[in-house]
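Working notes, structure below.
Both counts, for ligands and for their atoms, begin at 1 and track the order of listing.
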Amino acid sequence: LRPLVILISGTGSNMQAIVRAAARGRWRERYGAAVAAVISNRPDAKGLAWAAQEGIATAVVDHTAYPSREAFDAALAAAIDQHDPQGRGLVVLAGFMRILTAGFVQRYEGRILNIHPSLLPAFPGLHTHRRAIEAGCRFAGATVHRVTAELDHGEYLEQAVVPILPGDTPETLAARVLTQEHLIYPRAIERLLAAACAAEG
Ligand code: GAR
């Protein structure tokens, strides 16, 4: 089995989209892949309850309980590896709002993904929608990319574009972008799974 371990910090709507796509697309039968666990750095993340209800294993690695990024990342890696002992799964960041150390990223190199709510390389970092509106952009969007040690860099796997409309606020724009995130993230993962299966013959 190829485990998908999803990391969240909040609502988890992307996580939900991925879980639903996995069921609808029969990823287990077709690619031998399944969402094995949802891990949050925040004990109060709403997505945890949803995942638990779906019968998915959940875990909390609370960053406030660790003295350093290195210590937090070590605990996070231990939690991930528990659900992916063979180290062949995907680590899927879905609204996970912690910056990861280079050491952590290296450990999962090539199989750690993120979704970022901008058309990278524009607007890495936070407050992407406010910054896009303030810059006078006519379009915004989201990017699914492989994670490298440099924040919001790494090979782009999927992007989606939405218009910025007159009167848009960061909130209205975020909602428009989010609907597209829910399409491109499952699509990007499914393509990787299909490619991995093909490569294995
Ligand atoms: C999404 O818009 C995602 O792109 C963004 O947080 C939101 C999480 O929503 N991620 C980042 O900003 C990463 N730096 P969700 O919890 O409902 O999936």
Side-chain angles (χ1 to χ4, degrees), residues 4-23 35 37-54 56 58-63 69 72-73 76 90-102 104-105 108 112-135 137 139-164 168-190:
L4 309 179
V5 178
I6 304 180
L7 308 191
I8 65 169
S9 297
T11 311
S13 70
N14 277 292
M15 167 206 69
Q16 291 191 24
I18 293 162
V19 168
R20 293 203 169 103
V35 177
V38 172
I39 301 175
S40 172
N41 65 303
R42 303 183 68 107
D44 59 350
K46 278 209 202 119
L48 281 176
W50 188 88
Q53 244 174 40
E54 293 288 303
I56 299 167
T58 62
V60 174
V61 183
D62 182 349
H63 64 278
R69 282 194 191 279
F72 169 71
D73 282 6
L76 185 60
L90 293 177
V91 178
V92 178
L93 312 185
F96 185 70
M97 302 304 283
R98 300 296 299 171
I99 292 175
L100 297 162
T101 59
F104 180 94
V105 171
Y108 300 103
I112 175 169
L113 313 178
N114 183 43
I115 188 157
H116 180 75
S118 80
L119 289 171
L120 291 173
F123 309 119
L126 296 176
H127 310 300
T128 52
H129 304 305
R130 180 163 60 69
R131 288 157 64 207
I133 291 169
E134 283 176 5
C137 295
F139 293 93
T143 305
V144 179
H145 64 100
R146 287 193 207 268
V147 174
T148 60
E150 194 178 348
L151 182 69
D152 298 331
H153 278 66
E155 181 195 354
Y156 304 154
L157 301 171
E158 291 275 351
Q159 289 190 304
V161 180
V162 305
I164 298 181
D168 258 342
T169 63
E171 291 72 30
T172 59
L173 178 56
R176 190 174 309 122
V177 170
L178 199 57
T179 62
Q180 299 305 305
E181 294 185 39
H182 298 161
L183 301 178
I184 63 173
Y185 213 172
R187 188 187 300 156
I189 295 169
E190 182 160 9

Original post:
Taking it one step at a time, do Trp50 and Met15 satisfy side chain to side chain contact (heavy atoms under 4.5 Å, CB included)?
Top reply: CA-CA 10 Å; Trp50 188 88; Met15 167 206 69; 3.4 Å; yes
**OP:** Only one of Asp152, Leu113, Val91, Asn114 passes side chain to side chain contact (heavy atoms under 4.5 Å, CB included) with Val147; say which it is.
**Re:**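 Considering Asp152, Leu113, Val91, Asn114, a side chain to side chain contact (heavy atoms under 4.5 Å, CB included) with Val147 is found only for Asn114.
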Subject >> Sole residue of Leu93, Val92, Ile99 in side chain to side chain contact (heavy atoms under 4.5 Å, CB included) with Phe96 >> reply: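 Only one option passes, and that is Leu93.
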Original post:
Tell me: protein heavy atom nearest atom 16 (O) of ligand 1, and distance?
Top reply: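 It is Gly12 N, 2.7 Å.
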**OP:** Write out the residue and atom name of the closest protein heavy atom to atom 17 (O) of ligand 1, then the distance separating them to 0.1 Å.
**Re:**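 For atom 17 (O) of ligand 1, the nearest protein heavy atom comes out as Ser13 OG, 2.5 Å.
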**OP:** Write down the atom of Met97, the atom of Ser9, and the distance for their closest heavy-atom approach.
**Re:**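 In terms of heavy atoms, the two residues are closest at N-OG, 2.8 Å.
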**OP:** Check Ala142 against Ile184 and note the closest heavy-atom contact, atom names and distance.
**Re:**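 Heavy atoms of Ala142 and Ile184 come nearest at O-CD1, 3.7 Å.
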**OP:** Taking only heavy atoms of Gly95 into account, list the atoms of ligand 1 that are under 4.0 Å away from them.
**Re:**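 Atoms satisfying the 4.0 Å criterion: 6 (O), 8 (C), 10 (N).
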Subject >> Atoms of ligand 1 close to Glu181 [distance to a heavy atom under 4.0 angstrom, numbered from 1] >> reply: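 Going through ligand 1 atom by atom, the ones under 4.0 Å from Glu181 are 1 (C), 2 (O), 3 (C), 4 (O).
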Original post:
Does ligand 1 have any atom sitting under 4.0 Å from a heavy atom of Leu178?
Top reply: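 The answer is yes, since Leu178 has a heavy atom less than 4.0 Å from ligand 1.
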Original post:
Do side-chain atoms of Thr143 reach the backbone of Leu120 as a donor and acceptor pair under 3.5 angstrom?
Top reply: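 It does hold such a pair.
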Subject >> Donor + acceptor pair across side chains of Arg176, Gln180 (<3.5 Å) >> reply: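 Side chains of Arg176 and Gln180: no pair found under 3.5 Å.
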Original post:
Would you say Gly10 and ligand 1 have an N/O pair spaced under 3.5 Å apart?
Top reply: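 In fact, backbone or side chain, Gly10 has no N or O that close.
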Subject >> Geometric N/O contact Asn114 with ligand 1, under 3.5 angstrom >> reply: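 No; every N/O pair is 3.5 Å or more apart.
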Original post:
Taking atom 11 (C) of ligand 1 as the point of reference, which of His116, Met97, His127 owns the nearest heavy atom?
Top reply: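 Among His116, Met97, His127, the closest heavy atom to atom 11 (C) of ligand 1 belongs to Met97.
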Original post:
Which is closest to atom 5 (C) of ligand 1 by heavy-atom distance: Ala17, Pro117, Gly125, Ala45?
Top reply: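 The residue whose heavy atom sits nearest atom 5 (C) of ligand 1 is Pro117.
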**OP:** With heavy atoms only and a cut-off of under 4.0 Å, state how Thr128 meets ligand 1: side chain, backbone, both or neither.
**Re:**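 Neither; no heavy atom under 4.0 Å.
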